[in-house]
Amino acid sequence: MDVTVLGRAACSRVRHDGGTPSAPAAQRQGRPLYALVDCNSFYVSCERVFRPDLVRRPVVVLSNNDGCIIARSAEAKALGIPMGAPWFKVRRHAESAGVTVFSSNYALYGDMSSRVMRVLERFCPDVHVYSIDEAFMRLDSLIMPPGMSPERYAACLRREVYRRTGIPVSVGLGCTKTLAKLANRLSKQQNAGARAMVPAAFRYAGVFNFGAVTDPDVMDALLETLDVTDVWGVGARHAGRLRTWGIRTARALRDAPDDRVRRYMSVTGLHTVLELRGISCLPLDDAPPSRRSVVSSRSFGTLVTHKEHMLEAVTAYMTRAAEKLRREQLEAHCVGVMISTPRHGDGPRYADSAQVQLAVPTSHTPQLIVRARALLESIWRDGYRYQKAGVMLSGLESAVSRQVSMLPALQGTGRGLERGRRLMAAADAVNARFGRGTLEYAAAGLGRPWSMKQEHLSPRYTSDWKKLPLVR
DNA sequence: TCTGGGGTCCTAGGACCC
DNA sequence: TCTGGGGTCCTAGGACCC
């Protein structure tokens with residue numbers, strides 16, 4: 001059975017209210033079918049893979065510097081621990097309730113993420129990795145085996161991801177990306193009531209397909225259960241304005257007047273509304289344009305008052321940013337540095353940034369470090385307690401197809417340039433083989449009193465053999 | 001004491017050009 | 001006396017995402 005047939009038949013029942021003409025029949029032919037695969041409480045799930053004793057127990061993961069909560073297990077949510085809450089405010093409550101806490105371990109999460117994505121790619125060639133824990137897929141081009149519905153296919157995929165990685169995922173399906181995102185929300189456990197509206201034959205755990213909803217009244221009822229902020233692209237600001245128009249649910253937003261949406265939420269908002277009506281506006285985006293900037297910035301573990309320490313931090317951040325640049329075979333035309341004191345609290349505030357254009361783009365770490373340190377000298381002011389610094393590389397272009405300068409003097413001698421590239425490649429190879437930070441720049445400091453707080457860091461189970469727990 | 005980090009897109013307005 | 005129209009580029013600010 002071809003999935004396109006199923007997807008089209010189901011999706012064409014989506015109502016088109018609100019004055020917009022429905023898509024012409026010709027356009028409806030070959031409607032897309034999107035899946036959104038989302039890892040459940042991803043960071044928590046990653047920690048649990050190596051700590052099975054934490055399954056069914058409350059767990060949270062903190063942001064960099066152990067600042068605020070960025071992931072919670074279902075049990076932690078049930079305890080009323082809010083997302084994004086500053087850790088110092090909820091710490092007592094959480095600890096007394098027996099919550100296990102982790103500092104974020106991006107080496108682990110990044111590695112687990114790529115394992116999950118590799119499994120998805122075995123199921124479908126059209127995968128677009130949207131974030132560390134989410135991916136869109138286009139299923140309409142697949143030729144399904146006989147008797148295989150999209151729901152069932154998604155359920156198989158879900159089982160396979162869990163079997164191969166230990167990460168539980170949820171899958172939402174719909175004829176637009178926005179509907180697939182919403183379907184994903186309905187696929188989660190806490191929406192069992194809404195899922196029950198779908199005929200049992202289309203029901204699979206952890207999967208929800210809007211395409212299986214053929215009754216417009218049921219569709220209305222389902223969208224009515226979803227808050228307008230559940231819709232992808234509607235944040236707190238827009239939700240506030242929408243509330244003043246009496247729009248509180250996904251259903252009401254779908255039926256909102258186009259001109260008003262266009263005026264106050266720009267074309268982006270209009271796309272969202274059209275997508276809710278089943279008119280696809282956002283492509284899969286499988287080959288996204290290359291990035292425009294690289295930023296590396298961090299808050300300090302303790303406030304910085306010495307310029308020496310700030311210079312070390314800027315050096316360390318630039319080292320990371322340049323590595324990222326080279327990994328993507330890019331070079332930068334422009335270097336920027338920013339520093340700031342805390343946003344909260346009542347100490348004297350200061351923030352500034354500076355940028356410089358380079359005559360010749362580069363990804364050579366020592367050159368970039370020299371520029372960044374000079375920029376810092378220009379914006380540094382004594383007497384402040386700094387909380388954060390960052391570096392930015394922009395004006396990016398491909399290192400492989402770079403335009404050659406007309407001025408040989410600026411281009412650098414061919415041999416020197418080549419030597420620099422080889423040196424960077426060798427340093428990157430060593431760090432890839434033996435772990436980040438094996439080769440470092442002395443200017444980044446040794447003591448690093450400014451480095452971020454990570455009091456609850458788990459081992460790098462998947463990227464360091466020595467950290468793998470022994471199987472007894 | 002203690003509130004993350006890294007991106008994208010859109011719009012309005014100004015400068016400038018022909 | 002009379003003061004166009006259309007285009008590009010840049011920047012700042014706002015909004016969103018995970």
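Below, read A as the first sequence line, B as the second, and so on, with proteins coming before strands; counting in each chain starts at 1. Being a predicted model, the structure only gives us computed values, none of them experimental.
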Please report, rounded to the nearest Å, how far the P atom of B:dC2 is from the CD atom of A:E455.
14 Å

What stems involve DNA chain B, if each pair must be Watson-Crick or G-U and both of its distances must be under 3.5 Å, with 3 or more such pairs in a row?
B:5-18 with C:5-18

A:E47/A:R51 salt bridge by N-O under 4.0 Å criterion
no

Taking for A:S63 and for A:R262 the nucleotide of DNA chain B with the nearest heavy atom, the one nearer the 5' end belongs to A:S63

OP1 or OP2 of B:dT1 versus the side-chain N and O atoms of A:K89: is any pair under 4.0 Å?
no

Going by an N to O cut-off under 4.0 Å, is there a salt bridge joining A:E75 and A:R57?
no

Treating A:D227 as the side-chain partner and A:T229 as the backbone partner, does any N or O pair qualify as donor plus acceptor under 3.5 Å?
yes

Below 4.0 angstrom, N of the basic side chain to O of the carboxylate: do A:R320 and A:E323 qualify?
yes

Name every residue in residues 294-321 of chain A that has at least one heavy atom under 4.0 Å from any atom of DNA chain B, in order of residue number, or write none if there are no such residues.
A:V294, A:V295, A:S296, A:S297, A:R298, A:S299

With a non-hydrogen cut-off below 4.0 angstrom, is A:N65 in contact with a base, only sugar-phosphate, or nothing?
nothing

How long is the line joining CZ of A:R292 and C1' of B:dT8, in whole Å?
9 Å

A correct 5'-to-3' footprint of nucleotides 11-18 of chain C, with B, S and - meaning base, sugar-phosphate only and no protein heavy atom under 4.0 Å, is ----SSSS

Reading DNA chain B from 5' onward, which residue's closest nucleotide shows up sooner: A:K388 or A:S266?
A:K388

B:dG5 C1' sits how many Å from A:L393 CG, rounded?
15 Å

Need one value for A:S104: base, sugar-phosphate or nothing, where a base atom within 4.0 Å counts as base even if backbone is also close, heavy atoms only.
nothing

What integer distance in Å separates A:Y106:OH from B:dG7:P?
13 Å

Under-4.0 Å side-chain N/O to phosphate OP1/OP2 contact, A:Q387 with B:dT3
yes

When you check the gap from the basic side-chain N to the acidic O, do A:D259 and A:R263 get nearer than 4.0 Å?
no

Could you tell me whether A:W232 and A:F136 have their ring centroids closer than 6.0 angstrom?
yes

Inter-nucleotide P distance (B:dC17, C:dT3), Å rounded
23 Å

Euclidean distance, A:K177 NZ relative to A:T272 OG1, rounded to 0.5 Å
11.5 Å

Minimum-distance nucleotide to A:S293 side chain [options: B:dG4, B:dC10, B:dT8]
B:dT8

Rounded to the nearest 0.5 Å, the CG atom of A:N209 sits from the CD atom of A:E151 at a distance of 4.5 Å

Check this for me, if you would: do A:K188 and A:D38 make a salt bridge, where the nitrogen-to-carboxylate-oxygen distance has to be below 4.0 angstrom?
yes

A:Y386/A:W380 aromatic ring centres below 6.0 Å
yes

Distance in angstrom units between A:D66 CG and B:dG5 P, rounded
11 Å

Tell me the interatomic distance from A:L270, atom CG, to B:dC9, atom P, rounded to whole angstroms.
18 Å

Spacing between A:E328 atom CD and B:dG7 atom C1', to the nearest angstrom
12 Å

So does A:R448 pair up with A:E440, basic N to acidic O under 4.0 Å?
yes

Can you tell me the distance, in whole Å, between the CG atom of A:N64 and the P atom of B:dC2?
18 Å

In Å and rounded to the nearest 0.5 Å, what is the CD1 to CG distance from A:I70 to A:N64?
7.5 Å

